[in-house]
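To start, the structure under review is shown below, and the notes come after it.
Since the model is a prediction, treat every value here as computed from it, not as a measurement.
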Amino acid sequence: MDTAAPPNFKDHLSQLMFHAVEQIRTDSGIQSGIEIVRTRQTDHGDYSCNLAMQLAKPLRKNPREIAALLIAALPPSPYLEKVEVAGAGFINFFIKTAAKQACLYNILQRSTAYGTSDYGKKREIQVEFVSANPTGPLHVGHGRGAAFGASLANVLSAAGFTVTREYYVNDAGRQMDILAVSTWLRYLELNNIHIPFPDNAYQGDYVKVMARLIYEAHADRYVHHPEKLLQGFPASTYEKAIDTDELLDRLIANARAILDQDYAYIHNFVLTEQLGDCRNDLMEFGVTFDTWFSEQSLFDNGLVAHAVRELEEKKFLYRQDGAVWFRSTEFGDEKDRVVQRENGQYTYFASDIAYHLNKFERGFETIINVWGADHHGYIPRVKAALQALALDADKLNIALVQFAVLYRNGKKASMSTRSGEFVTLRELRQEVGNDAARFFYVMRKSDQHLDFDLDLAKSQSNDNPVFYIQYAHARICSVLEQWGGDTATLTNVDTNLLANASELALLQRLIDFPDIIIAAAEEFSPHLIAFYLRELASEFHSYYNSTHFLVTNIPLMEARLVLITAIRQVLRNGLALLGVSAPEKM
RNA sequence: GUGCCCGUAGCUCAAUUGGAUAGAGCACCAGCCUUCUAAGCUGGGGGUUACAGGUUCGAUCCCUGUCGGGCACGCCA
């Protein structure tokens with residue numbers, strides 16, 4: 001067989017078509033990148049091109065006629081069996097079986113690198129995802145963003161982009177102050193000082209755990225004049241204000257004043273604790289980051305003030321009702337937005353402008369923000385700010401991820417904190433396992449609501465797509481183990497013997513893998529990988545049931561072993577993109 | 001009320017972004033294990049792509065309207 005690795009057939013055909021177009025019409029206006037698609041039916045060949053139909057109007061000619069001209073002008077190719085005009089003017093390409101068979105060695109040789117391409121030309125892409133406030137454990141909603149973002153980043157990287165994975169840490173805002181005060185109140189309780197706990201402070205048990213850690217390490221070291229905490233709030237009014245923001249803000253202000261330097265200790269302690277927990281949780285989930293970007297650093301380095309000043313100089317700010325507003329309506333937003341409050345505090349939006357300005361200054365060619373779908377209303381104002389700063393807002397892509405709804409026993413599992421049903425990502429992972437969680441989260445298009453069936457995710461049955469795919473991998477491992485040889489020795493095998501319909505279909509499926517990765521990268525759609533793997537596994541299981549591999553005819557056996565070894569490799573590589581393991585035994 | 005997203009088989013979802021006869025999995029019915037893992041396979045029925053128009057060689061996809069569902073509309077993050 002031919003030892004030279006065949007090219008990507010899509011790219012190859014696209015180039016052939018480009019040359020053909022140049023032959024028949026030099027002023028066609030077509031530069032390159034002529035679209036070639038896979039066909040759905042085998043009698044339409046392997047690949048197809050609709051260019052003739054698109055040229056029908058400008059050339060004022062019958063599309064079938066144009067197709068015939070294009071085919072006649074096509075440069076010769078060693079990989080093509082035949083080319084046909086079909087239907088309304090489709091050009092259908094049939095690839096030589098030998099050329100497809102030659103791809104098998106390419107898969108084995110490239111091993112874990114098979115499927116990767118240089119499509120992205122090493123262009124720099126940043127994917128920012130999760131970015132949950134470090135004020136408590138990650139919940140199942142964050143889980144989908146984590147799984148989606150991690151898989152997307154893997155896919156982009158495999159498609160040849162240089163990817164930076166980033167987590168934006170909201171360590172500067174009011175929410176962190178609320179957590180610090182909540183923890184201090186719990187700590188005071190451990191010191192037998194009981195102040196009614198506000199309804200809108202952090203209620204979770206993890207707050208009590210942090211309080212106990214401080215108590216055990218420092219005893220009553222941080223008990224300072226708790227009576228002053230109620231300043232401005234006599235007991236009678238306190239009870240009434242138990243669920244108001246005014247009370248919370250007063251408690252924060254008083255705690256800062258009372259604790260002074262020690263406030264920073266508690267604030268820093270709870271931040272470190274929660275961020276560490278979050279990082280461990282994600283690491284166990286197979287989700288890692290290159291950069292943990294601190295919101296506080298934007299303030300410390302003067303970047304927020306800098307960004308606001310830029311907007312000021314460009315005349316996009318004005319003062320009204322004591323606050324400073326950004327004229328985002330000039331760029332299509334529904335209303336203008338406050339960047340600095342009446343009390344002098346910058347809004348979250350202000351630091352976000354600085355953050356995005358900083359992202360652009362770091363030189364990324366594409367920036368992807370993975371956000372929960374509930375943030376969609378926030379997009380116009382961020383893009384407006386970028387435009388106001390004379391930046392190319394189209395470089396910023398927002399991937400909205402819809403919520404996941406958990407189902408147990410066919411019924412919605414409540415997600416409220418009180419119910420005791422699971423709310424945290426960690427509990428989900430413990431119940432269904434990391435593999436099922438990672439796979440189920442990306443099994444649907446990200447902008448679709450996800451019904452997460454807990455019972456299905458746990459079930460070890462053919463209904464469970466994760467096990468179905470992993471089972472295909474384990475079956476191959478089992479066959480190869482019983483064969484007993486080393487797959488690395490399968491180098492002089494006559495792959496021409498792989499000629500029946502299911503073998504040819506599997507070959508083409510394996511050849512599709514790099515194109516699937518590119519499509520998933522282009523469309524920010526890792527679910528395409530999940531669907532692809534389901535189909536590959538399905539075709540393999542069918543093949544397995546119809547064909548015996550370990551036959552006495554040695555050349556035939558070896559040819560089939562080469563094929564299933566290649567399938568195993570693609571299953572592994574695909575599962576790796578999704579962060580799912582490929583067990584050798586099940 | 002205004003804006004964004006969505007509506008595909010009984011259920012959960014695909015459909016190479018405007019292509020050829022709209023596909024899978026559950027569920028239902030009928031079959032396949034003394035042979036490499038039955039966590040598997042084979043066959044069968046199931047559709048006016050919410051509805052009504054429009055654009056063109058061609059529409060699940062684009063435009064308009066209606067109905068239905070979700071989300072967002074703060075000097076919160």
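- Applying the salt bridge (charged side-chain N to carboxylate O under 4.0 Å, His left out) rule to pairs touching residues 435-451 of chain A yields nothing, sequence neighbours excluded.
- Here S182(A) pairs with nothing under the side-chain hydrogen bond (donor to acceptor under 3.5 Å, both in side chains) rule; sequence neighbours left out.
- For RNA chain B, none of the residues of residues 555-568 of chain A falls under the heavy-atom distance limit of 4.0 Å.
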Atom pairs and distances, side-chain donor-acceptor, residues 59-66 of chain A, under 3.5 Å, sequence neighbours left out:
from, atom 1, to, atom 2, distance (Å)
N62(A), OD1, R64(A), N, 2.8
R64(A), NH1, G87(A), O, 2.6

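- Checked against salt bridge (Lys or Arg N to Asp or Glu O under 4.0 Å), E84(A) has the following partners two or more places apart in sequence or in another chain: K82(A).
- Residues from residues 474-482 of chain A placing a heavy atom under 4.0 Å of any atom in RNA chain B, listed by number, are A474(A), R475(A), S478(A), V479(A), Q482(A).
- H376(A) pairs by the side-chain hydrogen bond (donor to acceptor under 3.5 Å, both in side chains) definition with nothing, not counting sequence neighbours.
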Protein-to-nucleotide contact annotation, 5' to 3' order, nucleotides 72-77 of chain B [B base; S sugar-phosphate only; - none; under 4.0 Å, heavy atom]: S-SBSB
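- For R174(A), the side-chain hydrogen bond (donor to acceptor under 3.5 Å, both in side chains) partners are D245(A), D249(A), not counting sequence neighbours.
- Remark: N133(A) pairs with no residue by the side-chain hydrogen bond (donor to acceptor under 3.5 Å, both in side chains) rule, at least two apart or across chains.
- Stem regions for RNA chain B, each three or more consecutive Watson-Crick or G-U pairs with both distances under 3.5 Å and listed by first number, read B:1-7 with B:67-73, B:10-13 with B:23-26, B:28-32 with B:40-44, B:50-54 with B:62-66.
- Partners of R475(A) under the side-chain contact (heavy atoms from CB on, under 4.5 Å) rule, at least two apart in sequence or in another chain, are Y471(A), F540(A), H541(A), Y544(A), N545(A).
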